[in-house]
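So the structure is just underneath, and the comments pick up after that.
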There are 2 protein chains.
Amino acid sequence: MALPLTDEQVLDVRERIRRVAEGQIAREGISAISLRSIAGELGWTAASLYRYFASKQELLSAMRIAAHNRFADRIEAAHDSTANLWDRSRAIGDAYLDFAETQPAAYQLMFAYDQEDKKDPPELQRARKRSSLTLTTYVVEMVDAGLLQGDPVVLAHAFWASLHGLVVLRMAGQLDHSPPFDLLRRETMRLITRGARA
Amino acid sequence: MALPLTDEQVLDVRERIRRVAEGQIAREGISAISLRSIAGELGWTAASLYRYFASKQELLSAMRIAAHNRFADRIEAAHDSTANLWDRSRAIGDAYLDFAETQPAAYQLMFAYDQEDKKDPPELQRARKRSSLTLTTYVVEMVDAGLLQGDPVVLAHAFWASLHGLVVLRMAGQLDHSPPFDLLRRETMRLITRGARA
DNA sequence: TTGCGATACTAAACACCGTTCGTTATGCAA
DNA sequence: TTGCATAACGAACGGTGTTTAGTATCGCAA
């Protein structure tokens, strides 16, 4: 093979590599992933991957972007699944938890806090913002409809952080001797909407 | 040196190693830590560390335990800093965030969700429970005093998960274009106590 | 048809990692 | 003085990400 690849073909190969990596990460976990194992599955050598990604970090970044977009797709689908705003918020919460449960590696990739690179590539920044925005929209709608009151952006972050907090505490094995997760989730969401003050 | 170490001395050496590792983790980050660098700072060889820890995993586990205990100490100190229950809850929140900000590596260690070992050593389980319990006590007091209503354990988890969620979202760089962190924190806590329903 | 240039991929090496193993050197007991 | 137990070492193993020089193959021009 010596004929140069078009930009499109390069993108295709990048995507193929990313898919293989995602498969391994889903099967074996994040820490088990290596350039050699990815290349092996492609019948290649680790060095070949450097034609398509400048580093492992850049490959992980691409995977993060894809994960964010898959996530946002799910949330948006849940958003569009019903017109009733209370049902909608419930559906979005369900979709959120379903994503975290069925694609834990992708979820961890999205919200990993050990990333060395302080400078995210612009596309990742955009993907992050999309995830964030998707989780804000429905709250804005609820505030507009008069179902909730307060700054919708702040409110959305409260819902998001609570759900995320529960998910990662569970992933860290910190909720093993706590009340059932479903109960915690339901009650936490209820508290934010209604409060706990006596 | 060929004379056998007493159990106490072994514990001392374990603690010395742990301290060196904690220093490096605080300075260089979690991923930069290596047995060779730790041993180097002690004037030793990496292999020597295996007299005191069966694996790097076990060393990390000891560091996790120490981090949990330092954390619980801080929270308990905040708890005892005032008798007014509202002030107390505020002080605990402050202490929580201060710990996460000033000792991010320790915080990440405590709540890392990429741990391979599903089986935590009993001492780590105890340390985890202590952290969890410490964050529950003051809520129980507030419910007992009639300041809050509901299941105190569930309520405590709601506060905890929300705070933790905010912290790790910020660590993941996901709050860079969001409202100021202090505002998010204050409003989220306020929402859980008072609710957002119109 | 032949030969050239471009290039996708390889093979080998580098420095690092966690871990294992056989060896060394020390200090007490006999 | 001899012998033993053992704390720490040094070298190695297989793994990692990454770099480098080389190979083999293709399209195209002569």
Side-chain angles (χ1 to χ4, degrees), chain A residues 1-22 24-25 27-64 105 109 112 114-117 121, chain B residues 1-22 24-25 27-64 105 109 112 114-117 121:
Chain A
M1 306 91 177
L3 70 170
L5 277 66
T6 65
D7 287 359
E8 257 185 40
Q9 286 172 318
V10 166
L11 286 181
D12 283 353
V13 178
R14 278 175 62 103
E15 197 169 325
R16 248 178 81 208
I17 295 171
R18 218 201 56 222
R19 291 246 171 87
V20 168
E22 274 161 8
Q24 296 198 356
I25 221 176
R27 260 177 281 121
E28 322 267 356
I30 283 186
S31 56
I33 197 181
S34 81
L35 296 185
R36 280 174 174 83
S37 67
I38 296 168
E41 193 171 325
L42 289 159
W44 286 354
T45 304
S48 321
L49 303 178
Y50 283 81
R51 297 258 151 216
Y52 303 96
F53 294 97
S55 65
K56 187 186 187 184
Q57 199 58 228
E58 195 182 298
L59 169 57
L60 287 174
S61 191
M63 294 170 68
R64 247 176 230 131
L109 215 44
D114 64 338
Q115 359 217 25
E116 304 297 313
D117 283 347
Chain B
M1 304 87 175
L3 69 173
L5 277 66
T6 65
D7 288 0
E8 258 185 38
Q9 285 172 319
V10 166
L11 286 180
D12 283 352
V13 178
R14 278 175 63 103
E15 198 170 323
R16 248 178 81 208
I17 295 171
R18 218 202 55 222
R19 291 248 171 87
V20 168
E22 274 162 6
Q24 294 196 357
I25 222 177
R27 260 177 281 121
E28 323 267 355
I30 285 186
S31 56
I33 198 181
S34 81
L35 295 186
R36 280 174 173 83
S37 67
I38 295 168
E41 194 170 325
L42 288 161
W44 286 355
T45 303
S48 319
L49 303 178
Y50 283 81
R51 297 255 154 218
Y52 303 96
F53 294 97
S55 64
K56 185 186 188 183
Q57 198 59 227
E58 196 182 297
L59 169 57
L60 287 174
S61 192
M63 294 170 67
R64 260 192 272 270
L109 215 44
D114 64 338
Q115 359 216 26
E116 303 297 312
D117 283 345

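Residue numbering restarts at 1 for every chain, and letters A, B, ... go by the order of the sequence lines. Values below: all heavy atoms of this structure, side chains included; hydrogens, waters and symmetry mates excluded.
- A straight line from CZ of B:R36 to P of D:dC9 spans 13 Å, rounded to a whole angstrom.
- Using a 4.5 Å heavy-atom threshold, the side chains of A:R16 and A:R19 count as separate.
- Straight-line distance from the CG atom of B:L49 to the P atom of C:dG18: 10 Å, rounded to whole Å.
- A straight line from OH of A:Y50 to C1' of D:dT19 spans 9 Å, rounded to a whole angstrom.
- An OP1 or OP2 oxygen of D:dA8 is reached within less than 4.0 angstrom by a side-chain nitrogen or oxygen of B:Y52.
- Here C:dA8 presents its P atom at 14 Å from CZ of A:R14, a figure rounded to the nearest Å.
- Put simply, NZ on B:K56 is 17 Å from C1' on C:dT20, counting in whole angstrom units.
- Using a 4.0 Å heavy-atom distance criterion, A:S48 is classed as a base contact.
- In this structure, B:L35 atom CG and D:dA8 atom P are separated by 15 Å, rounded to whole Å.
- For the pair B:E58 and B:R14, the salt-bridge criterion is met [side-chain N within less than 4.0 Å of a carboxylate O].
- The distance between atom CZ of B:R51 and atom C1' of C:dT24, rounded to the nearest whole Å, is 12 Å.
- Using a 4.0 Å heavy-atom criterion, one finds that B:I33 contacts the sugar-phosphate atoms exclusively.
- Not one side-chain nitrogen or oxygen of B:T45 sits closer than 4.0 Å to the OP1 or OP2 atom of D:dA8.
- Between the P atom of C:dG18 and the CD1 atom of B:I17 lies a distance of 14 Å, rounded to the nearest Å.
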